[in-house]
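For the numbers below, each heavy atom of this structure counts, side chains included, while hydrogens, waters and symmetry mates do not.
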Amino acid sequence: MSFARASLRRTALATALTLSLHAGLAQAADDDKAAPAADVATTSKDAKQLDAVSVIAPGETRQVQSIGTDEILRQQTPGSSALKALDKLPGVQFQSADPWGAYEWSTQITLHGFDQSRLGFTLDGIPLGTMSYGVSNGLQVTRAITSDNLATVELAQGAGALGTASSTNLGGTVQFYSADPDMTPGVRFNQVIGSDATKRTFVRADSGDHGGFSMYVSFDHADTDKWKGYGDQKSNQANLKALYQWGDGNRVSLFVDSSKRKEYDYMDLSLTSQKALGWNWDYLQPDWNTAVGIANALNGNGAYPASLNGLPADYDKGDATYYAGGGIRRDTLAGLSGSFNLGGATLDTTGYYHADRGEGQWATPYQASSPTVPLSMRTTDYGLDRYGVTSALKFTLGHHDLEVGVWGEDANTNQERNFFTLTGPYTALYTFYNDQAPFLRGFLQHYETRTRMGYAEDTVHLMDDALTINFGAKSLSVTTDATSLVPTTAFAQGQMKASKGFLPQAGIDYKLDANQDVYGSYAKNIAAYGFTPFGTSQASFDAAKSQLKPEESQTWQAGYRAHGDTFEASVGVFYTRFANRLLVTTPCVAVVTCASSLNNVGDVKSKGADLAFLWKPVDGLSWLNSFSYNDSKYQDDYQSSGTVPTADKYVVGVPKTMFSSSINYAFSGWRANLEAKYTGRRYITYTNDSAVPSYWVANAGIAYDFGVVSVFKALSIGANVTNLFNKHYFASTGTNGYQAYDAQGYNQTLMASAPRQYFVNLNARF
């Protein structure tokens, strides 16, 4: 136990790093050679500042689309995840059970048939891992940066940039870019109030430019009751960004993020439990007596409460609900980046550190605290420390833009399953691990992961830049060593290595004229194993280890883009072959710890098309429409206590068709937006014997900008309505994983959507 804790208590290093970086920046600010304020751009090229949405990227050899500050900050309720704004782009499905897209247990995004665990995410080049709820290799973007401090989000469906720092980007990448400090001093303030006692306050102070040095600090506090059931969801987040710029394109920046979040959970539903118990069925807290009654009945001591009578006789009523569930996360993220003009070449380098501590909680009836208390607190406790560096050298030789780069990361992760004593009802959300010793430990796994990547790329410009050709390759190696620090039958220990020395990527873009271009691309990628292979018994792991191969994708894209004074349009087609897909099946309910089985279930083939059209007929009016068609199917059956017939079945959780339409209009200080999206049917079993229905959902917003008022440089007020028509639908699927068969609809792996909610916000700058 001492070894596990000692390996994770390294936040002092982050503090030392931050202090040393402050000292270095302060010294740089005193340099008498610093550029004068007039020569410093308000936002660097690397920050990729963008005001609105863009559905084209002329000259790119792959499908790339972007959203900017207008979509992130002004078209959504302040504090919403930037991922939610991406949902209007083609090929993107974003789901969450809350109106902001911030509740992490339910948050999920898919691109072209690939789920979140097989995508890549970065912030200013710093890898965010898969942003999964279970801490493994990163953190959710909402914990990495306050959305108010984002400048741009860039989406690449299918094939991300070759140098993206990700070991899981089989199906695409999402790259977030933080905004630079303002060049003039000032303070920003945003206050949100709304449904379910929502209160959110954001404050940011900018220093302005001082001889090339500028910085901002911000603080964000959010507090809201759940829209159903007991409990609230709270977060506190602080950001700092300091920037020093000098000479011809030289810059050094420091970004620091501190995030603390507590979330009472929403109850996972099944198709059957929703029909029997309703959309508002949730955890029982503070109803302790009913929770005890369920636990006693589960153990054969009495009957189940009448509230569960609507469930079928063979339904696992002990799993239908629990007394309470929650999640706690504390993160520190620090990144020091530099871009240096070397005279004919540019060197970009980033060093980063990330620490996470967290706990996921479930008050379970499957393990008693004592003979008189049939419930206990089951926790999954997390600890992560990771360090890394990315570096790229870029230079031009004739018609060739050359780039070579590296990425290296070392990570130490602890995951443990503990059971703590409950003595009676409780209504607080706190970290049990800090306050008492567990009476039972299910597992304590320690993982050491080493990631190494190198790449080289050449982009050739021919025919007076009408023709662009790029080609390159990367080498990726990820090694994970797992050690079981307590005896367990549910997890294995050993080493897994995913490695490929040659992963090519190539593309071509041809400009038909100044307003039109066509493109095509090919990319091959592999994914690291992560911790998945170790979630089996030791015997199963030893037997499967030599036969496993890393998941691999090959993606082909082609498309056409056009733009004019009043429109942007794109159409793209894609084909992806996903090989060596690893499938984990767990033979017990989610709250119980048991060994899983791991299978290579063969290939998945995805083909489809994306269309996007952005029309701006008059000043202030824009109308974006996007349509996606995605045919993703398993190609093989697999063996698991017999043959599971998955060949030619659709991939779980992925709709075949989606359509989005959003219109924005600004006039005389007023801004209004209305958006709607259709999401098709999604299967929730591998054999496609169960599915959730399609649905439409709409959101709306309106705001008025007063301009300069007294001491305020800008003052505005806005209102947003989410789920405008109060539609009931299943938002997230697979929250507790998917099963091969579930024709009865018993698997509790669905999240209900939030109902219609109202929010008002006040924005001020002074």
- Closest contact, heavy atoms only, Ser96 versus Thr107: OG-OG1, 3.7 Å
- Item | Trace of the side chain to side chain contact (heavy atoms under 4.5 Å, CB included) decision for Thr350 with Leu336 | CA-CA 6 Å; Thr350 298; Leu336 177 63; over 6 Å; no
- Is there a side-chain contact between Ile109 and Leu119, using heavy atoms and a 4.5 Å cut-off? yes
- Side chains of Val708 and Leu715 in contact at under 4.5 Å (non-hydrogen atoms): no
- Query: Could you go step by step and tell me if Gln237 and Thr142 meet the side chain to side chain contact (heavy atoms under 4.5 Å, CB included) rule?
  - Reply: CA-CA 9 Å; Gln237 188 169 25; Thr142 51; 5.9 Å; no
- Item | Test side chain to side chain contact (heavy atoms under 4.5 Å, CB included) applied to Asn630 and Val654, step by step | CA-CA 8 Å; Asn630 181 20; Val654 178; 3.1 Å; yes
- Query: Can you check ring pair (Phe, Tyr, Trp, His ring centres under 6.0 Å) on Tyr729 and Trp279, steps first, answer last?
  - Reply: CA-CA 9 Å; Tyr729 63 93; Trp279 290 104; 8.0 Å; no
- Message: Students often mix this up, so state it plainly: with edges at 30° and 60°, are the rings of Tyr704 and Phe706 parallel, tilted or perpendicular?
- Response: perpendicular
- Message: Pair Lys260, Ser235 - check side chain to side chain contact (heavy atoms under 4.5 Å, CB included), show working.
- Response: CA-CA 6 Å; Lys260 295 183 178 180; Ser235 67; over 6 Å; no
- Name the orientation class of the two ring planes belonging to Trp362 and Tyr322 (parallel below 30°, tilted from 30 to 60°, perpendicular beyond 60°). tilted
Validation: residues 126-133 side-chain donor-acceptor distances under 3.5 Å, sequence neighbours left out:
from: Ser132; atom 1: OG; to: Gly134; atom 2: O; distance (Å): 2.8

- Would one find more than 12 heavy atoms of other residues, nucleotides or ligands at under 6.0 Å from atom NZ of Lys713? yes
- Should Glu104 and Arg261 be marked as a salt bridge (charged side-chain N to carboxylate O under 4.0 Å, His left out) after you check the CA-CA gap, both sets of side-chain angles, and the distance that decides it? CA-CA 10 Å; Glu104 289 191 28; Arg261 178 168 294 184; 3.5 Å; yes
- Note on the structure: With Gln65 as partner, the option from Glu154, Gln157, Glu568 fulfilling side chain to side chain donor-acceptor pair (under 3.5 Å) is Gln157
- Message: Strictly below 4.0 Å, N to O, side chains only: are Arg386 and Asp356 in salt-bridge contact?
- Response: no
- Query: Picking from Val192, Asn763, Asn761, Asn190, what satisfies side-chain contact (heavy atoms from CB on, under 4.5 Å) with Phe202?
  - Reply: Asn190
- Query: Given the rule in the salt bridge (charged side-chain N to carboxylate O under 4.0 Å, His left out) test, do Asp87 and Lys84 qualify, once you have shown the distances and angles that lead to the verdict?
  - Reply: CA-CA 5 Å; Asp87 194 42; Lys84 187 176 180 182; over 6 Å; no
- Message: By the definition salt bridge (charged side-chain N to carboxylate O under 4.0 Å, His left out), identify the one residue from Asp220, Asp148, Asp182 that meets it with Arg204.
- Response: Asp182
- Whether Phe613 and Phe567 hold their rings parallel, tilted or perpendicular, with breakpoints at 30° and 60°: parallel
- Distance-only, no hydrogens or angles: does the Ser207 side chain make a donor-acceptor pair with backbone N or O of Met215 under 3.5 Å? yes
- Message: For a 4.5 angstrom cut-off between non-hydrogen side-chain atoms, does Leu86 reach Ile67?
- Response: yes
- Note on the structure: Closest heavy-atom pair, Thr198 versus Thr224, reported as atoms and distance to 0.1 Å, is OG1-OG1, 2.9 Å
- Can you tell me if Asp265 uses its side chain to pair, donor with acceptor, with the backbone of Gly326 under 3.5 Å? yes
- Please answer whether the main-chain N or O of Gly172 pairs with a side-chain N or O of Asn169 as donor and acceptor at a distance below 3.5 Å. no
- Search all heavy atoms of Asn699 against all heavy atoms of Thr722 and return the closest pair with its distance. OD1-CA, 3.1 Å
- Message: Restricting to non-hydrogen atoms, name the atom on Leu429 and the atom on Gly327 that form the minimum distance, rounded to 0.1 Å.
- Response: CD2-O, 4.3 Å
- Task: Can you spot which of Tyr430, Tyr230, Trp105, Tyr103 makes a ring pair (Phe, Tyr, Trp, His ring centres under 6.0 Å) with Tyr264?
- Result: Tyr230
- Query: Looking at OG1 of Thr201 and CZ of Phe219, how far apart are the two atoms once the value is rounded to the nearest 0.5 Å?
  - Reply: 9.0 Å
- Message: Using 0.5 Å steps for rounding, measure from the CD atom of Gln108 to the CD atom of Gln116.
- Response: 7.5 Å
- Message: Using side-chain heavy atoms (C-beta onward) and a distance below 4.5 Å, is His728 in contact with Gln274?
- Response: no
- Query: What's the spacing between Thr679 OG1 and Lys656 NZ if we round to 0.5 Å?
  - Reply: 16.0 Å
- Item | Cation-pi, Tyr266 ring and Lys226 (6.0 angstrom, 45 degrees) | yes
- Query: Does atom CH2 of Trp696 have more than 12 heavy-atom neighbours from other groups under 6.0 Å away?
  - Reply: yes
- Item | Heavy-atom closest contact (Asp331 atom, His354 atom, distance) | OD1-NE2, 2.9 Å
- Residues Arg671, Asp705: salt bridge by 4.0 Å N-O rule: no
- Any side-chain heavy-atom pair from Ser661 and Ile663 closer than 4.5 angstrom? no
- Query: Do Glu60 and Arg561 touch side chain to side chain, with heavy atoms closer than 4.5 Å?
  - Reply: yes
- Task: Assert yes or no for the condition that the ring centre distance of Phe627 to Phe659 is strictly below 6.0 Å.
- Result: no
- Task: For residues Asn723 and Ser753, determine if any side-chain heavy atom of one lies less than 4.5 Å from a side-chain heavy atom of the other.
- Result: yes
- Query: When you look at Glu71 and Lys88, which way does the salt bridge (charged side-chain N to carboxylate O under 4.0 Å, His left out) test go after all the steps?
  - Reply: CA-CA 10 Å; Glu71 297 293 325; Lys88 63 184 64 177; 2.6 Å; yes
- Near Trp623 CH2, under 6.0 Å, is it more than 12 heavy atoms from other residues, nucleotides or ligands? no
- Query: Between the side chains of Ser270 and Ser273, is a donor N or O closer than 3.5 angstrom to an acceptor N or O?
  - Reply: yes
- Query: Would Thr164 and Gln175 count as having a side-chain donor-acceptor pair, cut-off 3.5 Å?
  - Reply: yes
- Message: Just so I know, are the side chains of Gln748 and Leu269 near enough to count as touching, which here means a heavy-atom distance under 4.5 Å?
- Response: no
- Query: What heavy-atom pair brings Ser570 and Ile56 nearest, and what distance separates the two atoms?
  - Reply: CB-CG2, 4.3 Å
